[in-house]
Structure formats: structure tokens, C-alpha cells
Amino acid sequence: MAPSSLHIDVHPDYETLSHAAAEQVSAGIRTVLADQDEAAVALAGGSTPRRLYELLGEANVPWDRVHLFWGDERFVPHDHPRSNVRMVRETLLAEAEVPSSHVHSMPTDGAPGNAAARYEETLRHHLGNREHTFDLVLLGLGDDGHTASLFPEALPFPDDNAWVRAVTAPDRHDIARRLTCTLRAFNQARRAYFLVSGESKQDAVRRVLDAEDSTLPATHIRPREHLVWLLDTAARPDAS
Ligand code: 6PG
């Protein structure tokens, strides 16, 4: 089922892309808070959103009304250089006053399967009684068309009600053990924003946006209301 709207924004470079994304995401949060008390935001991992998170930390957002979740995590300690939590702590959380009780990082201790079950409980506790999961989901795109830790090799995804799964990334990725929110969790969200930068993503972007290639997990992201792609010209050179 397609979302009610698809919006594609292309910007000259990574810096202007990050500023535009910060404006759109902070505006999206404020829109959500106009008609509900709190907003649930799932954060993307990887390196692309780093500048966005720095800018969001300085943005006009009532952070005391926002709950932060993660769309995926590498199964490493939270102080590990490759941890998605660490990256957010160094950027958004270094500036924004988000109550610690509103920061819901994915556990990376014990067994991955058990950690996934614990995070599932966290999501069900905070989001289970709503008609949707997250209000906003931020996502990146791998050059192989993965998003979060939903990899092409894992398609077709299990058709169950799980919102979180422990997975193993293909060998080309440096951290094998991961936790990821599932397609179901993402697609029960109200809106999703892809943030994509760099020439290496061109092919994957074309396959998702132009060919709607169903062999790529990113193609399957269909939030309920709005799907926004924010790219730079390096990732989307032939934008009309
Ligand atoms: C992760 C991310 C992953 C990321 C893409 C793009 O934990 O790695 O969730 O899906 O968004 O791999 O990564 P870059 O932004 O570093 O290119």
C-alpha cells in the first residue's frame, strides 16, 4: 500500500542537504506535537545523519515531548566507535536537552535474540496502544539497497508481527551482529525520511526510486502518511 505522499528533495551538497533535513524533520516533529502530547522518533544509524543530528540538536524542538528510538544498532557496546547510540550521543544528545527517560537505545548486552525481545517490549510499552508505531522514522540507504539492518539477502522478510529482530549482516559489512526494527514496525509509522548522500548511492537510489526494485529492502518502506527522500546531487545527479 503506497503512502499518501511521496516527496523527493535534491540539494547541491551534503551540508545543504543536512540543513534542509534538519528543517523538515524538526518541522515534522512540531506538526506531530500540534495534535498529540509526545512524538516518537526512530533514528537512523550510519554516518550520513551525523550532521543532521548536530543541527537537530540546535533546532527549535520541544525535546521534553520527544521520545527517541533507534531503527537499528550494531551489536557492540554503546561506547564502541561503530555504535549508533554513540554517534547520537556525540551529536544530537550533546546539544538537545532530551530527558534521559526519553532516550530508548537498543540493548547490546547478553544474547542478540534476547536483546531484540527486550527492545520489542520497550516498543510495545511505549507505542503498543497507538494506531501507528513511530511518528517519524529516519533512515539511511546502503549502496546495496539495505536500510536500517534490513539486507537484501534477508528478503522475503518473515511475515510475522515482530517489530524488532536480531539479524546477521552479510560479510561485506564490518559488524555482523545487529538489531533492527522490522519492515512492519517502519511501515506502521506515520512518516519516514530517507537521508542519502554521495555518488556511491546513485545506483541504489535509481533502483529504488525509478525501478521500484523489489529485491531492495528500501523499496519496501511504505509509511502510512508521508515518505520523504532527501538527497544530494551526488546521490541523485539526474534529478529533473
Ligand atoms: C547502520 C544504518 C544503515 C545505514 C546505511 C547507510 O546502522 O549502518 O542503519 O542502514 O543507514 O548503511 O550508511 P552511511 O550513512 O554510513 O552511508
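In listed order, ligands and their atoms are each counted from 1.
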**Item:** CG/Asp37: more than 12 non-hydrogen atoms of other groups inside 6.0 Å
**Value:** no

**Request:** Count the heavy atoms belonging to other residues, nucleotides or ligands that lie under 6.0 Å from CG of Asp174, then report whether that count exceeds 12.
**Result:**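 Correct, the count exceeds 12.
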
**Request:** Please work out which of the three classes, parallel, tilted or perpendicular, describes the rings of His67 and His126, given edges at 30° and 60°.
**Result:** tilted

**Sequence neighbours excluded - ring pair (Phe, Tyr, Trp, His ring centres under 6.0 Å) pairs with any residue from residues 170-202** =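 Listed by first then second residue: His146-His173, Phe151-His173, Phe194-Trp229.
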
**Request:** For ligand 1, list the protein residues that place a heavy atom within a distance below 4.0 Å of one of its atoms, sorted by chain and number.
**Result:** Gly45, Gly46, Ser47, Thr48, Asp72, Arg74, Asn84, Gly140, Leu141, Gly142, His146, Thr147, Ala148, Arg178, Lys201

**Prompt:** Less than 4.0 Å between a side-chain N and a carboxylate O, is that true for Asp143 and Arg207?
**Reply:** no

**Message:** Hydrophobic cluster membership, with links at side-chain heavy-atom distances under 4.5 Å among I/L/V/M/F/W/Y: are Phe75 and Val167 in one?
**Reply:** no

